Q: 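Take this structure, written in structure tokens, and hold onto it; I'll ask about it next.
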Amino acid sequence: MKKITNPVLKGFNPDPSILRVGDDYYIATSTFEWFPGVQIYHSRDLINWKLIARPLNRVSQLDLKGVSSSEGVWAPCLSYDNGVFYLIYTIVKLWTYAGPRDLDNYLVTTTDIRGDWSEPIYLNSSGFDPSLFHDDDGRKWLVNQLWDHRQGKNKFAGIVLQEYSHKEKGLVGPITNIFKGTELGLVEAPHIYKRNGYYYLMTAEGGTTFKHAVTFARSRKLEGPYELHPQNPILTSWTGANLELQRAGHGSLVETQNGEWYMAHLCGRPLPNRGRCILGRETALQKMVWREDDWLYLEAGGNHPQVHVPAPDLEEVKWEEEPARDDFDTSNLNINYQTLRMPLGDEFYSLTERPGFLRLRGSGSLGSRFHQSFIARRQQAFCYTATTVVEFEPDTFQQMAGLTAYYDTNNFYYLHISWHEEKGKIIDIVKKDAGVFDEPISNKISIEGWERVYLRVEVDYHILQFSYSKDGKDWIKIGSSFDASILSDEYTVPNRFTGAFVGICCQDLSGQRRAADFDFFEYIER
């Protein structure tokens, strides 16, 4: 029997919204401060998945300039009706603050999931995790978590429902709080489904850490009242300390062509002996069954997520593997790369000025919330090696270019080339740990006269080691090994929700926009 092996989307891919259109399956996941916004994956068999689109790829759709780490795009909901794809999402513009928070919800549409998506329609700002339900009478309904900022109140104040009017291009009619959650608390991530005359409401509770869970309720009326599943939560890792998949929650459902049901949900895989999920919150699938009582259950029984799950009875379709090395020989960046908060813009990068190279012109620091000349990809395995080679001629200490292992503006390691008044061109390391800046190498290493410098980072679970080379063959370790586990949600305080990245960047704090040319970038999982 064919098996699904979890997680199906490795590395930072949280808050999955799963959808089937004909024989095609799609999952949309959150991207937070990374641009372009929302990742959409495609599968024909639920086993093999391929990243095919990032729909929020214009500043007019997604302006994240100035947002803090782990703000930005939260919890997309992907749906389909009458030949049109609908994508609902939150842009969090203020979260890490005691009091009112800015949580704007939008809708974009398209008839081609790989093509251009519309300009956004503003919906509301009452809370996050919006979801669109298409009822069988043609009406459409938005549900979202309600945020109550007042002192002494339950901040996670329930799930609110309001009708969406296609004609009005907005929400209309009364707002109804249809569900206050269970004793687990922190109710969020609503999705509504209809089956056998029942409206089913799936939510997440317990908070998106190790107490996370999926809860289920139903009603004969859309507005409720909703009765609780007799075995809530229907999915959680909290009672299974030794489970490989932890943090299970935030689920959504899909029915196959053959009437089988699956739940997509987020999960995390802690580092052994560290308890930190440097790969972020990933996406897994569980097989579900409806029983005679018209309630949904895990096919495996109980409520713990399984690593190996029976696959649906569909023909397996494998995608071509992505090459490990990118030689920058095309005119567009590979889809696996993202930038922070904003597109780079032609003034800061080029793949054509020097064919076969990615040219980055220096801009803001790695701590900037506005503009960085930085491209990166997700870490998707506990052990990997990333390598690049750069040509860069700085003439001030304010100019830097190199290779970084990055979590957010307060947590990263950076191997880079810069300039020193006495030693000329140097290679150096900067780290930022919980916002504390450090230069761990006191005796700067001169590489004066080196035209090309090869840079490498090797990560083995919690151990991170940098090295450099003049020819790409003989490698020299630089600095001591570092703790890779600080690049995780669990290390950061407070409220961080993403995952570790690795990438290349260039800074010029003098404002001269000195350029660095990268000949390739290679990422190999081990």
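Computed from a predicted structure; not experimentally measured. No hydrogens, no waters, no symmetry mates; every other heavy atom, side chains included, goes into these values.
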Q: Nearest 0.5 Å, what's the CD-CG distance between Q286 and L235?
A: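 Q286 atom CD to L235 atom CG measures 6.0 Å (nearest 0.5 Å).
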Q: Which atoms form the tightest heavy-atom contact between H191 and S17, and what is the distance?
A: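 So the two residues come closest at CE1-OG, 4.5 Å.
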Q: Are more than 12 heavy atoms from other residues, nucleotides or ligands located less than 6.0 Å from atom NZ of K211?
A: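 At most 12 heavy atoms, drawn from other residues, nucleotides or ligands, come within 6.0 Å of this atom.
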Q: Quick check on D137: does its CG atom have over 12 non-hydrogen neighbours (other residues, nucleotides or ligands) under 6.0 Å away?
A: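 Atom CG in D137 is packed in, count exceeds 12.
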Q: Should the pair R139-E163 be classified as a salt bridge under the 4.0 Å nitrogen-to-oxygen rule?
A: yes
Q: Taking CG in N82 as the centre, count heavy atoms belonging to other residues, nucleotides or ligands within less than 6.0 Å. Is the count above 12?
A: no
Q: For the rings on W319 and H42, is their centre-to-centre separation under 6.0 Å?
A: yes
Q: Just say parallel, tilted or perpendicular for the rings of Y26 and F85, cut-offs at 30° and 60°.
A: perpendicular
Q: Going by distance alone, is a donor N or O of one side chain under 3.5 Å from an acceptor N or O of the other, for T182 and N232?
A: no
Q: Output the distance between atom CD1 (I27) and atom OH (Y41), rounded to the nearest 0.5 Å.
A: 9.0 Å
Q: Less than 4.0 Å between a side-chain N and a carboxylate O, is that true for R276 and D489?
A: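 The answer is no: the pair does not qualify as a salt bridge.
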Q: With a 4.0 Å cut-off on N to O distance, would you call R269 and E282 a salt bridge?
A: yes
Q: Which pair of heavy atoms, one from E188 and one from F156, lies closest together, and at what distance?
A: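 In this case the closest contact between E188 and F156 is OE1-CE2, 3.9 Å.
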Q: Can a salt bridge be assigned to the pair D45 and K318 using a cut-off of 4.0 Å between side-chain N and carboxylate O?
A: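 No, D45 and K318 are not salt-bridged.
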Q: Flag the pair Y86 / Y80 as yes when their ring centroid distance falls below 6.0 Å, and as no otherwise.
A: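 Not close enough - the centres of the two rings lie 6.0 Å or further apart.
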Q: Among pairs that include at least one residue of residues 216-231, which meet salt bridge (Lys or Arg N to Asp or Glu O under 4.0 Å), considering only residues two or more places apart or in two chains?
A: R218-E227
Q: Can you sort out the partners of I463 under side chain to side chain contact (heavy atoms under 4.5 Å, CB included), two or more places apart, ordered by chain and number?
A: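 With neighbours one apart ignored, the set is S481.
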Q: Quick check on the 6.0 Å ring-centre criterion: do F482 and Y413 meet it?
A: yes
Q: Would Y523 and Y384 count as a close aromatic pair, with their ring centres under 6.0 Å?
A: yes
Q: How are the rings of Y199 and F133 set relative to one another: parallel (under 30°), tilted (30 to 60°) or perpendicular (over 60°)?
A: perpendicular
Q: Can T283 and H265 be counted as having a side-chain donor-acceptor contact under 3.5 angstrom?
A: no
Q: How about N13 and Q39: does a side-chain donor come under 3.5 Å of a side-chain acceptor?
A: yes
Q: Using side-chain hydrogen bond (donor to acceptor under 3.5 Å, both in side chains) as the criterion, list what pairs up with Y25, not counting sequence neighbours.
A: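 Listed in chain order: Q257.
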Q: Starting at CZ of R378, measure out to CG of L9 and round the result to the nearest 0.5 Å.
A: 10.0 Å
Q: Return the set of residues passing side chain to side chain contact (heavy atoms under 4.5 Å, CB included) with P225 (not counting sequence neighbours), or none when no residue passes.
A: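 For P225, no residue satisfies side chain to side chain contact (heavy atoms under 4.5 Å, CB included) once neighbours in sequence are set aside.
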Q: Please verify the inter-ring angle class for H229 with F216; under 30° counts as parallel, over 60° as perpendicular, anything in between as tilted.
A: tilted
Q: State whether a side-chain donor-acceptor pair under 3.5 Å links R20 with T256.
A: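 The answer is no; no qualifying pair exists.
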Q: Would you please indicate if the ring centroids of W295 and W290 are separated by under 6.0 Å?
A: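 That pair fails the under 6.0 Å test.
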Q: Once you measure the plane-to-plane angle for Y106 and Y122, does it fall in the parallel (<30°), tilted (30-60°) or perpendicular (>60°) bin?
A: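 Because their plane-to-plane angle is over 60°, the rings of Y106 and Y122 count as perpendicular.
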Q: Working to the nearest 0.5 angstrom, can you tell me the gap between I234 CD1 and N303 CG?
A: 9.0 Å
Q: How close do C277 and F210 get, counting heavy atoms only, and between which atoms?
A: SG-CZ, 4.4 Å
Q: For D102, look at atom CG and say whether over 12 heavy atoms of other residues, nucleotides or ligands are found less than 6.0 Å away.
A: yes
Q: Could you pull out all residues at least two apart from P343 that satisfy side chain to side chain contact (heavy atoms under 4.5 Å, CB included)?
A: F35, V59
Q: With side-chain hydrogen bond (donor to acceptor under 3.5 Å, both in side chains) as the rule and sequence neighbours excluded, what pairs involving residues 65-78 come up?
A: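 Residue pairs with at least one partner in residues 65-78: S69-T409.
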Q: For K180, I'd like to know if atom NZ has over 12 heavy atoms of other residues, nucleotides or ligands within 6.0 Å.
A: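 No - once you tally the heavy atoms of other residues, nucleotides and ligands closer than 6.0 Å, there are 12 at most.
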